[in-house]
Amino acid sequence: MRPAEVIPQPAAFAVDRVLGWAAGCGVLVGIALLPQLLPGYLNLGIALLVLVGWATAWDVLGGWTGQVSLGHAAFVGLGAYTLGLGANTYRMPPWVSAPVAVLLAVGLAWAWGRVTFRLRGPYFTLSTIAVAEILRLGAINERWLTGGGEGIFVRELARPLGLDLFDRHVQYYWALLYAACAVALVAYLAPRRFGYQMRAVREDEEAAQAAGVDPVAVKLRAFMLSAGLVAFGGVLYGAYLSALVPHALFDLRLSVQIALTAIIGGRGTVWGPAVGAVLIVLAAELFRNLFASANLLIYGLLIVLVVLFAPRGIVGQWERWRVRRRYARSVAGR
Amino acid sequence: MEALVAFAQNLAGGLLIGGVYALIGVGLSLVFGVMRVINFAHGEFVAVGMYLTLLLYGYWGLDPYLCLLVAAPFGYGLGLLLERLVLSRLIDAPPDSTLLATLGIALVVSNTLHLLFGGEPRSLYVGYATATVRLGPVTLSVPLLIAGAGTLALIGALVLFLSRSEAGRAIRATAQNRVGAELVGIDTLAHHRLTFGLGTALSVVVGVVLIPLLFVTPAVGGTYTLKAFVVTVLGGLGNLAGAVAGGMLLGVVEVLGASYLAAGYRDAYGLVAFLAVLLFRPQGLFGRAVRRV
């Protein structure tokens with residue numbers, strides 16, 4: 001045993017932490033000031049933050065509770081269409097249509113989950129695709145409600161607190177608030193009772209049941225929470241797009257994007273979905289000219305690489321590496 | 001009388017298109033039955049077959065049906081390659097990792113097709129694409145008839161291969177019990193590869209058969225993947241004979257639903273049936289209840 005040389009050095013560790021905090025604060029200031037610093041990247045910033053929110057919300061069900069859904073675009077569409085139809089048809093101000101959208105999504109998730117949560121693993125995933133596709137076909141065919149395949153155009157929105165919701169700056173901070181709330185909510189839930197219940201259900205439903213956790217109730221609550229959060233992001237996305245078409249909003253490809261973002265970043269981690277979103281959006285921007293409209297190529301390549309070489313996702317793998325290193329040090333230092 | 005003729009016409013059309021669906025479903029079902037892989041890339045290989053035929057026809061004027069001679073080995077090779085590079089590394093991984101890996105493959109394939117051929121719909125015109133034969137009052141499309149006959153022949157050959165040949169026996173053993181198969185000396189990895197190659201070749205062949213009839217875009221694969229899922233779940237996952245019946249059923253349900261109910265919901269009828277079977281009869285419409293571990 002050679003204890004003297006491997007004992008961790010507290011001083012160096014503290015420097016690490018200070019540097020970490022400084023970097024974190026720098027990133028936060030950068031994010032908050034992006035509209036001023038890089039006005040040309042405002043649209044990219046909004047898209048990125050909305051994806052962070054969606055992926056984080058998806059992860060409540062897909063990562064923490066382990067129920068991989070490929071149908072979450074339905075909630076995006078529901079949110080966006082509630083905003084658009086509310087404003088156009090019923091003169092509903094956005095601060096009313098947003099809660100309505102969230103409630104509708106929660107209700108839809110409840111009914112959807114009641115029916116399909118008896119399916120497990122890949123079968124549940126297949127059922128989510130089917131439900132979302134049926135809803136998409138509904139959005140295309142029920143012209144009286146949704147305007148059909150051509151969709152609807154959000155002409156005007158009431159101004160909450162005098163803010164113009166079509167203004168990209170307002171949308172940016174709205175999206176920032178949304179993404180931050182989603183991540184904060186997950187960070188809040190993770191170490192609490194519900195967080196442990198979700199993980200217990202993910203790891204082993206029978207064992208969870210034996211320990212007094214009702215798996216169906218936990219899955220339903222996770223689905224409702226996830227759906228409500230995604231729908232709120234959908235409301236925001238509706239204002240961002242303002243031209244709402246079912247092909248973009250209810251599309252399987254959008255569901256796949258949301259799910260893969262979270263999985264690539266790291267399922268069941270607080271920061272994984274956000275990291276995944278940043279990585280993918282930046283990579284897509286970098287290769288935009290090269291790949292043009294084949295934008296899902298990056299998702300495909302990354303997910304194959306992640307499944308093969310980092311099955312826990314980027315953040316998950318990093319956390320595991322850190323835990324192992326800490327353990328190795330503690331063992332070596334004893 | 002006229003209504004009856006229309007009904008017969010619809011039924012015949014549904015059965016014919018159902019034959020093509022059956023062929024897509026059989027490949028998916030085979031891969032699932034043997035490898036327990038839910039293959040999201042299955043439909044993309046149909047699109048690959050369609051573009052391959054376009055290329056061969058465009059450069060050498062090769063007749064689509066002659067393209068089969070090139071397309072089937074090509075699909076088989078593509079399947080072997082993907083199994084070797086990706087799926088063989090995931091044999092003992094959790095079940096959703098193969099699902100995600102094939103989803104990734106699907107995205108890579110469809111977007112690569114997009115880069116190579118652009119997003120516009122393409123089609124191939126051959127004289128006999130619109131040829132029909134009349135059977136009493138009912139008109140039947142010749143290419144679909146050929147496709148249906150080809151489907152039956154291929155599925156027959158597949159069933160013979162699986163039930164009579166040594167490799168087929170080994171594949172069935174692998175499907176039933178991988179460890180047991182290994183204990184009696186079967187190289188299960190090699191048979192996984194063979195199975196995935198066969199499944200991919202079947203879907204590429206479907207693409208070749210369909211291109212004289214339909215447009216192709218790079219995004220079309222997803223539609224076929226969904227159809228294949230519906231067909232296999234209707235027939236029972238892993239049940240080849242069930243997949244044939246499931247395909248016919250889907251074709252008929254779609255055509256009848258589109259003509260007698262709302263046409264815009266054509267794709268929805270199959271999905272509703274899919275959900276109902278998944279929820280209430282997970283062994284498929286025709287299978288016996290088997291508890292799988």
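In what follows, every heavy atom counts, from backbone to side chain, and hydrogens, waters and symmetry copies are set aside. Each chain gets a letter, A, B and so on, in the order the sequences are listed, and its residues count up from 1.
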So, the part of A:Leu126 with a heavy atom under 4.5 Å from chain B: the answer is both

Taking A:Trp58 for its side chain and A:Ser255 for its backbone only, find out whether a donor-acceptor pair lies under 3.5 Å. no

Could you check whether atom OH of B:Tyr260 has more than 12 heavy atoms from other residues, nucleotides or ligands sitting under 6.0 Å from it? yes

Show your reasoning for whether side-chain contact (heavy atoms from CB on, under 4.5 Å) applies to A:Trp271 and A:Trp318. CA-CA 11 Å; A:Trp271 288 102; A:Trp318 186 70; over 6 Å; no

When the 4.5 angstrom heavy-atom criterion is applied to B:Leu275 and chain A, the contacting part is side chain

Is there a donor-acceptor pair under 3.5 Å between the side chain of A:Thr125 and the backbone N or O of A:Val68? yes

Return yes if some donor-acceptor pair links the side-chain N/O of A:Asp59 with the main-chain N/O of A:Gly268 below 3.5 Å, else return no. yes

Please rank B:Ile38, B:Leu271, B:Val272 by heavy-atom pairs under 4.5 Å with chain A and give me the top one. B:Leu271

At a heavy-atom separation under 4.5 Å, does A:Pro122 approach chain B through its side chain, its backbone, both, or neither? both

Less than 6.0 angstrom separating the ring centers of B:Tyr224 and B:Phe45, yes or no? no

Of the backbone (N, CA, C, O) and the side chain (C-beta and beyond), which part of A:Ile140 lies under 4.5 Å from a heavy atom of chain B, both, or neither? neither

By a 4.5 Å heavy-atom criterion (distance strictly below it), what part of B:Tyr269 contacts chain A: side chain, backbone, both, or neither? neither

Side chain, backbone, both or neither: which part of A:Ile263 has a non-hydrogen atom closer than 4.5 Å to chain B? side chain

If one checks every heavy atom of B:Val109 against chain A at 4.5 Å, the contacting part turns out to be neither

Given that the side chain runs from C-beta out, which part of B:Leu279 has a heavy atom under 4.5 Å from chain A: side chain, backbone, both or neither? both

Report yes if the side chains of A:Leu260 and B:Leu107 come closer than 4.5 Å at any heavy-atom pair, otherwise no. yes

Using non-hydrogen atoms only, which part of B:Tyr265 is less than 4.5 Å away from chain A: side chain, backbone, both, or neither? both

Largest heavy-atom contact set with chain B, pairs under 4.5 Å, which of A:Leu70, A:Val304, A:Leu137, A:Ile303: A:Leu137

In terms of heavy-atom pairs under 4.5 Å with chain A, which of B:Thr112, B:Leu85, B:Leu103 leads? B:Leu103

Tell me, side chain or backbone of A:Leu305 under 4.5 Å from chain B's heavy atoms, or both, or neither? neither

Give a yes or no answer on whether the side chain of A:Ser226 reaches the backbone of A:Ala57 with a donor-acceptor pair at less than 3.5 Å. yes

For B:Leu113, which atoms come within 4.5 Å of any heavy atom of chain A: side chain, backbone, both, or neither? neither

Under 4.5 Å from any heavy atom of chain B, what part of A:Val306 do you find: side chain, backbone, both or neither? neither

In terms of ring plane angle, is the pair B:Phe117 and B:Tyr51 parallel, tilted or perpendicular, where the classes change at 30° and 60°? parallel

